[in-house]
Amino acid sequence: MTVTLMPALPTLPAPVRPDPLGVLGVPGEINLDHAASAPCARAAADAVAELLPWYASVHRGAGALSRRCTLAYERARQTVADFLGARPDDHVIFTRNTTDAVNLLARALPAGTTVVTFAGEHHANLLPWPRGSVRLPVPASPADAVRYLDAALSELARDARPGLPVLVAVTGASNVTGECWPVAELARVAHRHGARILVDAAQLAPHAPVDVTALDVDYVALSGHKLYAPFGAGVLAGRADWLDAAPPYLPGGGATSHVGAATHEVRWTTGPARHEGGTPNLLGAVALAAVCAAFAAADRDALHAREQALLARLRSGLAALPGVVELRTFGPEAPRVGIVSFVVAGRDSAEVAAHLATRHRIGVRDGLFCAHPLARRLLTEAAARTPGAALPPTALRASVGLGTTTHEIDSLLTALSTLP
């Protein structure tokens with residue numbers, strides 16, 4: 001199929017520097033797959049390089065190297081806490097990624113906890129929860145999401161045994177559509193019913209500030225590799241009581257305050273160390289903290305405006321291509337971050353992605369994006385909106401971030417317009 005690109009694609013605000021964090025990349029390769037793993041920020045690479053000569057044990061030694069590494073690790077924890085607007089008595093626990101953080105919280109739930117989530121979640125926020133969890137339908141709008149949750153929590157209050165905890169688990173921004181969820185409103189509904197709320201901020205944090213206190217959420221989980229710090233670190237931040245009362249996520253060294261001669265003579269420590277057994281990922285924590293500090297010093301409003309201009313250019317360009325259909329949960333004007341999933345009628349998505357990579361050096365994602373229930377639903381809805389079009393069973397996803405340029409967006413659009 002061939003098409004001439006529109007001459008009036010949205011332009012970017014001129015004064016905004018496209019890449020204040022100095023993300024790394026390979027010349028000639030166009031990376032439009034930030035939602036899977038963002039490139040490494042220079043701040044993260046520099047922080048790791050500076051600490052590497054000093055690398056030693058954390059919380060384990062009296063030598064100068066160990067003391068410096070322990071200080072760097074705990075400073076990283078505080079920097080991340082500040083970045084997330086954590087409350088003074090919140091725990092900030094370093095994990096491997098968002099999936100690991102959500103699984104940690106799932107293991108720490110008090111007995112009898114009911115978890116309420118939506119069918120539109122990433123697998124990381126669907127699969128870890130205990131049996132008996134409540135899965136709400138995919139809403140057609142942010143307002144519907146609030147209504148569904150209010151109705152579900154009202155019903156639970158009538159039917160459940162009094163006093164049993166309830167946790168609402170919801171994404172901040174969809175990894176399939178990029179659409180932003182009404183986190184603050186959902187938190188207000190949850191708290192009105194005496195429930196707590198976890199926000200999966202893996203896709204939101206790289207694009208917008210996530211402030212635990214301002215949003216009034218109880219827990220937040222995120223991944224370093226989505227946040228320009230690909231060194232194997234994630235975070236669970238939030239209220240301490242459930243975490244201090246739960247068995248350690250990783251029983252072992254560092255999680256204990258006393259181990260006696262008998263196997264049952266164990267006293268577990270409280271605080272983040274309770275769930276960080278073993279030698280921690282020092283470099284991952286330091287890299288993540290460096291990016292958090294760099295974001296804190298950047299003009300987030302200007303970065304947001306630039307990303308939204310890129311996003312508008314991408315979406316309007318895709319809409320102009322015949323046979324291309326965008327996937328969406330909410331209306332076309334709903335707020336979203338720089339993620340767009342789409343299909344090309346009559347073309348296998350994996351073959352299109354391979355063509356873009358081999359012929360044009362453009363990297364996008366294809367598949368169902370670890371959100372199978374949502375992606376399949378959206379593909380069915382897309383087919384209903386375009387009767388007669390032969391849509392494939394999987395989708396393509398283009399995602400932008402720091403360093404993405406108008407040239408890269410236009411290159412993708414041109415490549416799609418000239419598919420053989």
Side-chain angles (χ1 to χ4, degrees), residues 58-59 73-74 77-78 80-81 84 86-117 121-134 156 160-170 187 190-191 193-202 212-213 216-223 233-260 262-281 284-285:
V58 173
H59 299 148
Y73 186 69
E74 293 305 330
R77 194 190 309 279
Q78 186 59 55
V80 173
L84 293 173
R87 295 162 291 254
D89 55 351
D90 281 343
H91 286 341
V92 174
I93 300 171
F94 286 115
T95 64
R96 292 178 296 171
N97 45 47
T98 304
T99 301
D100 196 33
V102 175
N103 273 273
L104 191 167
L105 183 58
R107 289 271 297 274
L109 295 177
T113 299
T114 298
V115 178
V116 181
T117 189
E121 298 293 327
H122 187 281
H123 293 168
N125 201 19
L126 285 179
L127 305 183
W129 304 118
R131 295 182 66 178
S133 300
V134 176
L156 278 175
R161 287 174 291 169
L164 289 182
V166 176
L167 176 71
V168 177
V170 66
H191 292 156
H193 289 276
R196 294 190 179 187
I197 184 168
L198 159 74
V199 177
D200 170 359
V212 169
T213 302
D216 194 21
V217 299
D218 300 283
Y219 301 97
V220 64
L222 57 80
S223 291
V235 167
L236 175 68
R239 301 198 183 277
D241 53 348
W242 287 3
L243 297 167
D244 282 342
Y249 184 53
L250 292 172
T256 63
S257 59
H258 171 78
V259 178
T263 56
H264 64 279
E265 293 180 27
V266 180
R267 290 196 300 271
W268 304 108
T269 189
T270 57
R274 184 183 186 89
H275 299 290
E276 292 180 351
T279 298
N281 181 3

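Counting begins at 1 with the first residue of the sequence. Scope of the values below: all heavy atoms of this structure, side chains included, with no hydrogens, waters or symmetry mates. Quick caveat, the model's predicted, so the values are computed rather than measured.
- Residues satisfying the salt bridge (charged side-chain N to carboxylate O under 4.0 Å, His left out) test with R107, not counting sequence neighbours, are none.
- Between A233 and A285 the shortest heavy-atom distance is CB-N, 3.9 Å.
- For the pair P128 and A106, the tightest heavy-atom approach, listed with the atom from each and the gap, is O-CB, 3.5 Å.
- Annotation for A190 and V168: closest pair CB-CG2, 4.0 Å, computed over non-hydrogen atoms.
- Side chain to side chain, H191 and D216 meet the donor-acceptor criterion of an N or O pair below 3.5 Å.
- When each of N97, D200, T99, T98 is checked for a side-chain hydrogen bond (donor to acceptor under 3.5 Å, both in side chains) with S223, only T98 meets the rule.
- Taking both residues in full, the closest heavy atoms of G277 and A255 are given as CA-CB, 4.4 Å, listed atom of the first, atom of the second, then distance.
- Using modelled atom types, one side-chain atom of S257 and one backbone atom of R267 make a donor-acceptor pair closer than 3.5 Å.
- Checked options L104, L250, V102; the residue passing with T95 is L104 (criterion: side chain to side chain contact (heavy atoms under 4.5 Å, CB included)).
- Considering all non-hydrogen atoms of both residues, L164 and A111 come closest at CD2-O, 4.2 Å.
- Residue H122 holds its NE2 atom at 12.5 Å from OG1 of T117, rounded to the nearest 0.5 Å.
- Minimum interatomic distance between P130 and S133 (heavy atoms only, all atoms of both residues): O-OG, 2.6 Å.
- How far CG of L167 is from CD1 of I197: 8.0 Å, rounded to the nearest 0.5 Å.
- Applying side chain to side chain contact (heavy atoms under 4.5 Å, CB included) to F94 and the options V235, L236, D100, N281 leaves one that passes, V235.
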Start with the C-alpha gap between E276 and Y73, add the side-chain angles, then the distance that decides, and say whether side chain to side chain contact (heavy atoms under 4.5 Å, CB included) holds. CA-CA 12 Å; E276 292 180 351; Y73 186 69; 2.9 Å; yes
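- The backbone N or O of L198 lies less than 3.5 Å from no partner atom in the side chain of D218, so there is not a single donor-acceptor pair.
- Under the side chain to side chain contact (heavy atoms under 4.5 Å, CB included) test applied with P272, the options D244, L243, I93 reduce to a single match, I93.
- Rounded to the nearest 0.5 Å, atoms CH2 (W242) and NE2 (H91) are 14.0 Å apart.
- Under the 3.5 Å distance criterion, the side-chain polar atoms of R274 are matched with a main-chain donor or acceptor of T269.
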Residues R239, D90; criterion side chain to side chain contact (heavy atoms under 4.5 Å, CB included); working and verdict: CA-CA 5 Å; R239 301 198 183 277; D90 281 343; 4.1 Å; yes
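- Side chain to side chain, Y249 and N103 fail the donor-acceptor criterion of an N or O pair below 3.5 Å.
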